[in-house]
A.B. asks: 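Once you've had a glance at the structure underneath, I'll fire off some questions.
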Amino acid sequence: MKNFPTFHRKLLAWYADSARDLPWRRTHDPYRIWISEIMLQQTTVVAVIPYFERFLARFPSVDALAAADETNVLRLWEGLGYYSRAKNLLRAAKAVVEKHHGQFPSDIEVLQTLPGIGRYTAGAIASFAFDIPAPIVEANTLRLYCRLLGYQSDPRSSVGQKVLWTFAEAVLPKTGPGRLNQALMELGATVCIPKEPRCGICPVSAHCHAFRDGTQSVVPQQKSKKVMTAITEVSIAIRRGPKYLLRRCPLNERWAGLWDFLRFEIAGDSKSVDTAHLTDTVRERTGLIIECGSQIAELKHAVTRYRITLKCITAIRQDGRLKSGNDWKWVKPADFQKYPLSVTGRRFAELLQRDSM
DNA sequence: TATACGTGGTG
DNA sequence: TCACCAAGTAT
C-alpha cells in the first residue's frame with residue numbers, strides 16, 4: 001500500500017466520529033488496558049464489559065490483584081471461558097509486583113515474558129498504554145490487512161503471518177501509533193466485518209486492494225472448519241443430608257481448577273440411562289454407594305469440538321467413603337456461589353437451588 | 001505446526 | 001438447527 005499519510009488522516013477522522021465508547025478506551029492505565037486485553041482474547045466486547053467492570057471494582061490495581069486468592073479470581077472469571085487466562089493473570093500480577101517493582105513494563109519483549117501475554121497483547125499494551133509504535137495483528141486487523149493488501153493466501157501460515165506483521169509494522173505512524181492501532185481494530189470490528197463488509201461507508205476503501213478487485217467475500221481465506229462430535233454425558237448430584245458432592249476439576253481436564261458435580265461420558269445417545277451401570281461407575285470413581293434419583297434436566301451445550309447432551313441426575317449417598325485423589329467437597333446449595341463452577345456445574349446448581357427453596 | 005482451551009451471539 | 005465467529009496463548 002502507498003500513501004500512508006492520506007490513509008492515516010481518513011482513518012483517524014472516521015475514528016474520531018465513529019469509535020465506540022468502551023470502558024478501556026477511557027484510560028491509559030496499563031493495568032486496565034492489560035485486564036481488558038486478556039478478557040477480550042477470543043471473547044466479544046459485549047460479553048467482556050460486565051466482567052471488566054466487576055473485576056476492576058474488586059481488583060483496582062496490580063497490587064490488589066497480586067494479593068488475591070486464585071479462587072476469588074476464578075469466581076470473577078466464572079462464565080467467561082478460557083480459565084487459564086485468569087490463572088495467568090494472577091501469576092503475571094505477582095511477577096509485575098515482584099520483578100518490576102509494581103510498575104507495568106512498556107517494552108514488548110519484556111511484556112511477553114509475562115504469563116498470558118503473547119505478541120499481540122504485548123503490542124496492544126505497549127501502544128495503547130504507552131503510545132509505543134508496536135505492531136498488532138489479531139482477528140480484526142488480520143481481516144482488514146488481508147483485504148487492504150488483497151492477500152489471498154492463508155494468513156495463518158507462517159508466510160502469511162510474516163506478511164501481516166510486516167504490514168502492521170509498516171502502517172504505524174510516527175506519532176500516535178496507539179490511537180491508530182485502535183482505529184484499525186475498530187474499522188475491522190465494525191466496518192470491515194467478516195460477512196458482507198460495509199465497504200460503502202469505509203473511509204479507506206480507496207486504499208483497499210480487495211475492494212478494487214471485488215474479492216472481499218473470499219479474502220481473507222477461510223480457516224478449515226472443525227468437525228463436531230456428538231456425545232452424551234451424565235452429571236450426578238449426590239446428596240448427603242443437606243449437602244451435595246462437588247469435585248474440583250484436575251489440571252489435566254477441561255475447566256481445570258473449577259468445580260463441578262460428578263460428570264462423565266456414557267454410551268452414545270442412550271434414550272434411557274442404565275442406572276445400574278451409573279451406580280457402578282460412581283462407586284469406581286468416588287467410592288460411594290448411591291441410590292439414583294430422577295433425571296431433573298437434559299441440557300445441551302457445545303464445548304470445543306463436542307456437542308454435548310448432558311443428563312442431570314440426582315442421587316443419594318447410601319454408604320461408602322470418598323476415595324482420595326480428588327478434591328471433593330460437600331456443599332449446601334446456598335454455598336455453591338462460593339465455588340467457581342464450570343458451566344455445567346453452574347446450570348445444575350441453579351436447578352438444585354431452585355428446588356431447595 | 002497442530003491442537004487445546006469456553007462461551008454466547010448471530011444469520 | 002447449526003456453522004461461524006470473537007482484541008490469542010501455551011504447549
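All heavy atoms count here, side chains included; hydrogens, waters and symmetry mates do not. Just so it is clear: chains get the letters A, B, ... in the order the sequence lines come, proteins before strands, and each one is counted from 1. This one's a predicted model, so the numbers in the text were calculated from it and none came from an experiment.
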A.B. asks: Would you mind classifying the nucleic acid contact of A:I38 as base, sugar-phosphate or nothing, using non-hydrogen atoms under 4.0 angstrom?
C.D. replies: nothing

A.B. asks: A:W330 and A:Y244: ring-ring contact (aromatic ring centres under 6.0 Å, His included), yes or no, with the steps?
C.D. replies: CA-CA 5 Å; A:W330 294 99; A:Y244 289 93; 8.7 Å; no

A.B. asks: So, does A:Q42 get its side chain near the phosphate of B:dG8, meaning an N or O under 4.0 Å from OP1 or OP2?
C.D. replies: no

A.B. asks: Checking ring-ring contact (aromatic ring centres under 6.0 Å, His included) against A:W259, which of A:Y339, A:Y83, A:F336 comes through?
C.D. replies: A:Y339

A.B. asks: Taking for each residue the nucleotide of DNA chain C bearing the nearest heavy atom, is the 5' side occupied by A:N88 or by A:R143?
C.D. replies: A:R143

A.B. asks: How is A:T121 classified with respect to the nucleic acid when contacts are heavy atoms under 4.0 Å: base, sugar-phosphate, or nothing?
C.D. replies: sugar-phosphate

A.B. asks: Would a line drawn from the ring center of A:F104 to the ring center of A:W34 be shorter than 6.0 Å?
C.D. replies: yes

A.B. asks: Starting at atom CG of A:L80, determine the distance to atom C1' of C:dG8, rounded to an integer number of angstrom.
C.D. replies: 13 Å

A.B. asks: Pick the P atom in B:dG8 and in C:dT9, then give their distance to the nearest Å.
C.D. replies: 23 Å

A.B. asks: So, for A:P242 and A:P333, which heavy atoms are closest and what is the spacing to 0.1 Å?
C.D. replies: O-CD, 3.4 Å

A.B. asks: Grab the NZ-C1' distance between A:K226 and C:dC2 for me, whole Å please.
C.D. replies: 12 Å

A.B. asks: On DNA chain B, does the nearest nucleotide to A:V159 precede the nearest nucleotide to A:H301 from the 5' side, or the other way round? Give the residue.
C.D. replies: A:V159

A.B. asks: Distance check needed: C:dT11 P versus A:R85 CZ, whole Å only.
C.D. replies: 16 Å

A.B. asks: Separation of A:M228 atom CE from B:dT3 atom C1', in whole Å?
C.D. replies: 15 Å

A.B. asks: What about A:T43, does its side chain sit under 3.5 Å from the base of B:dG8 through a donor-acceptor pair?
C.D. replies: no

A.B. asks: Using a cut-off of strictly less than 4.0 Å, decide whether A:R254 has a side-chain nitrogen or oxygen near OP1 or OP2 of B:dG6.
C.D. replies: no

A.B. asks: Take atom NZ of A:K94 as the centre, draw a 6.0 Å sphere, and report whether it contains more than 12 heavy atoms from other residues, nucleotides or ligands.
C.D. replies: yes

A.B. asks: Using whole Å, report how far CD1 of A:I193 lies from P of C:dA7.
C.D. replies: 11 Å

A.B. asks: Base, sugar-phosphate or nothing for A:G188? Non-hydrogen atoms, less than 4.0 Å.
C.D. replies: nothing

A.B. asks: Quickly work out the A:L76 CG to B:dG6 P distance and round it to whole Å.
C.D. replies: 17 Å

A.B. asks: Using only side-chain N and O atoms of A:S158, determine if any of them is under 4.0 Å from OP1 or OP2 of B:dT1.
C.D. replies: yes

A.B. asks: Please test A:Q337 against A:D335 for side chain to side chain donor-acceptor pair (under 3.5 Å), starting from the C-alpha separation and ending with a verdict.
C.D. replies: CA-CA 5 Å; A:Q337 63 197 31; A:D335 291 335; over 6 Å; no

A.B. asks: Would you indicate whether A:R283, at its atom CZ, is surrounded by more than 12 heavy atoms from other residues, nucleotides or ligands within a distance under 6.0 Å?
C.D. replies: no

A.B. asks: Which part of the nucleic acid, if any, lies within reach of A:A139 when heavy atoms closer than 4.0 Å are counted: base, sugar-phosphate only, or nothing?
C.D. replies: sugar-phosphate

A.B. asks: When the nearest nucleotide of DNA chain B is assigned to A:V46 and to A:G81 on a heavy-atom basis, which residue is associated with the more 5' position?
C.D. replies: A:G81

A.B. asks: Can you tell me if the side-chain N/O atoms of A:W255 get under 4.0 Å from OP1 or OP2 in B:dA4?
C.D. replies: no

A.B. asks: Please tell me which of A:I117 and A:L22 maps to the more 5' nucleotide of DNA chain C, matching each residue to the nucleotide holding its nearest heavy atom.
C.D. replies: A:L22

A.B. asks: Using a heavy-atom cut-off of 4.0 Å across all strands, would you classify A:R347 as base, sugar-phosphate, or nothing?
C.D. replies: sugar-phosphate

A.B. asks: Just checking A:W77: base, sugar-phosphate only, or nothing, at a heavy-atom cut-off of under 4.0 Å?
C.D. replies: nothing

A.B. asks: Just compare B:dA4, C:dA6, C:dA7 and give me whichever is closest to any side-chain atom of A:W24.
C.D. replies: C:dA7

A.B. asks: Please state how far atom NZ in A:K225 lies from atom C1' in C:dC4, giving the value in whole angstrom units.
C.D. replies: 11 Å

A.B. asks: I want to check one thing: is the phosphate of B:dT7, taken as OP1 and OP2, less than 4.0 Å away from some side-chain N or O of A:Y83?
C.D. replies: yes

A.B. asks: Could you tell me how far apart A:W259 (CH2) and B:dG6 (P) are, to the nearest whole angstrom?
C.D. replies: 17 Å

A.B. asks: Using a heavy-atom cut-off of 4.0 Å across all strands, would you classify A:S157 as base, sugar-phosphate, or nothing?
C.D. replies: nothing

A.B. asks: Checking all strands, does A:R25 fall into the base, sugar-phosphate, or nothing category for heavy-atom contacts under 4.0 angstrom?
C.D. replies: base

A.B. asks: Would you mind telling me which of C:dA7, B:dG8, B:dC5 lies closest to the side-chain atoms of A:Y82?
C.D. replies: B:dC5

A.B. asks: Applying a 4.0 Å non-hydrogen cut-off, can you work out what A:A256 is touching in the nucleic acid: base, sugar-phosphate, or nothing?
C.D. replies: nothing

A.B. asks: When the P atoms of B:dA4 and C:dA7 are considered, how many whole Å apart are they?
C.D. replies: 23 Å

A.B. asks: Rounding to an integer number of angstrom, what distance separates B:dT1 and C:dA10 when you compare their C1' atoms?
C.D. replies: 14 Å

